[in-house]
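Position 1 is the first residue of the sequence, and the numbers go up from there.
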Amino acid sequence: MTTPSEPGLDPSLSVIMSERRQLINLAYRLLGSLADAEDVVQEACARWYAMTPQQQQAINSPGAWLTKVAGRICLDVLGSARARRERYVGEWIPEPLPKPSEWVTADPADRITLDESINMAFLVVLESMTPAERVAFILHDVFRYSFAEVAEIVGRTPVACRQLASSARRRLRETQAPAAPAARPGIVGDFKRAWEAKDIKALIGLLDPDATAVIDGGGLVSAGLHPIEGSEQIARYLLAIAGMSPGLTILERTVNGQPGLVAQQDGVTVTVAAFDVTGDRIKHIWAVRNPEKLRPWTAQPQP
């Protein structure tokens, strides 16, 4: 294995390798799509390599430069994503991620660090923000960039970026239940067992009466085109799914840092479900069935 000091090694390679994971983590939070995040980082790196060695050496902080470029690309992608999602078949849900030790694809450097800024409920709220709000908020509140640095990426003044982040925080507060009780431990496991037992009464009891379930099939597999509302309707839908898939195996897994469920058919992951729990009831379920969003889960080994 060569070292940066050896002749013939591209000196900029170490720059790319040291920044890649940070860039992937940033781009995923900004876009909610691992595939898009990988494309953004690849494009940012391509722009770095397109410069001459003299131009690269003139940059005092390559990491800051790559972050600025990736942030601007993400801003453009977010703008076009709204139009693309208007054409998306059914509901669009951010790509679910397993915990780092359970990734079955991708280089370890591409794995996302899990924290509160990665749970599905948080990512879904980010989808309601404008592209500029989302970029300003994530860069400042999650990655701790100053508003002066954010301004260079967003293309607005630091004062405007401060206002964008403030607006994003307000959106988050509006979606949070006031003084919400802590989630009851083990509720997702109880939900799994009730589903396996086809116990509709137990399922309904675990769901908030006004619960919603959103299924993302992307037009590639069967999925409801609209959210399912109400505990009884959700329970009946789940039992219908179980009835149509007699060989379905349900596993408890960590999904975006929170307890979730994975459904496998003949050992292949076909659905990943994330949950939002308030107190002792499940308030939201987000189930991703689009196979293009399940790459990190594909062919996960049975326990």
- Item | Cationic N near anionic O, under 4.0 Å, D208 to K283 | yes
Test item: [X] side-chain N/O and [Y] main-chain N/O as donor-acceptor pair under 3.5 Å:
| X | Y | answer |
| --- | --- | --- |
| R171 | S128 | yes |
| R156 | C161 | no |
| W297 | V262 | no |
| N119 | N256 | no |
| S166 | R162 | no |
| W195 | L238 | yes |

4.5 Å side-chain heavy-atom contact, [X] and [Y]:
| X | Y | answer |
| --- | --- | --- |
| R47 | I73 | yes |
| I153 | Y145 | no |
| R281 | P209 | yes |
| N25 | R21 | yes |
| L139 | L26 | yes |
| F191 | L207 | yes |
| I118 | R29 | yes |
| Y88 | N290 | yes |

- Do Q258 and F275 pass the side chain to side chain contact (heavy atoms under 4.5 Å, CB included) test, and can you show the C-alpha distance, the side-chain angles, and the key distance before you say yes or no? CA-CA 8 Å; Q258 302 289 326; F275 295 80; over 6 Å; no
- Assess whether atom CZ of R72 is packed by more than 12 heavy atoms of other residues, nucleotides or ligands within 6.0 Å. yes
- Task: Answer yes or no: are there more than 12 heavy-atom neighbours, outside E196 itself, under 6.0 Å from its atom CD?
- Result: yes
- Task: Start with the C-alpha distance between D216 and W286, add both sets of side-chain angles, then the distance that settles side chain to side chain contact (heavy atoms under 4.5 Å, CB included), and finish with yes or no.
- Result: CA-CA 8 Å; D216 178 347; W286 298 281; over 6 Å; no
Quick one: pull up [atom1] in [X] and [atom2] in [Y] and give me the separation to the nearest 0.5 Å.
| X | Y | atom1 | atom2 | answer |
| --- | --- | --- | --- | --- |
| T269 | R253 | OG1 | CZ | 8.0 Å |
| T254 | L97 | OG1 | CG | 12.0 Å |
| I93 | K293 | CD1 | NZ | 7.0 Å |
| I250 | R193 | CD1 | CZ | 13.0 Å |
| E19 | W48 | CD | CH2 | 9.5 Å |
| R134 | L123 | CZ | CG | 6.5 Å |

Minimum heavy-atom separation for [X] to [Y], with atom names?
| X | Y | value |
| --- | --- | --- |
| I215 | I228 | CD1-CD1, 3.7 Å |
| P296 | L34 | CG-CD2, 3.8 Å |
| M120 | P94 | CE-O, 3.6 Å |
| P158 | A148 | CG-CA, 4.1 Å |
| A70 | V40 | O-CG1, 3.7 Å |
| P131 | G79 | CG-N, 4.1 Å |

Report whether [X] and [Y] are members of the same hydrophobic cluster (ILVMFWY, side-chain heavy atoms less than 4.5 Å apart, transitive linking).
| X | Y | answer |
| --- | --- | --- |
| F143 | F147 | no |
| L126 | Y28 | yes |
| V125 | L78 | yes |
| L248 | M244 | yes |
| I285 | Y237 | yes |

- Query: S33 and side-chain hydrogen bond (donor to acceptor under 3.5 Å, both in side chains): which partner among E292, E38, E95?
  - Reply: E95
- Message: Would M129 and L172 count as a side chain to side chain contact (heavy atoms under 4.5 Å, CB included) here? Give the steps.
- Response: CA-CA 9 Å; M129 299 178 185; L172 280 171; 4.0 Å; yes
- Task: Apply side chain to side chain contact (heavy atoms under 4.5 Å, CB included) to the pair S245 and Q265, showing each step before the final yes or no.
- Result: CA-CA 8 Å; S245 308; Q265 193 80 48; 3.7 Å; yes
- For E152, all residues meeting salt bridge (charged side-chain N to carboxylate O under 4.0 Å, His left out), sequence neighbours excluded: K68
- Could you go through the salt bridge (Lys or Arg N to Asp or Glu O under 4.0 Å) check for E252 and K192 one step at a time? CA-CA 8 Å; E252 292 185 61; K192 166 187 177 291; 5.1 Å; no
- Query: In terms of the angle between their ring planes, are F122 and F137 parallel, tilted or perpendicular, with boundaries placed at 30° and 60°?
  - Reply: tilted
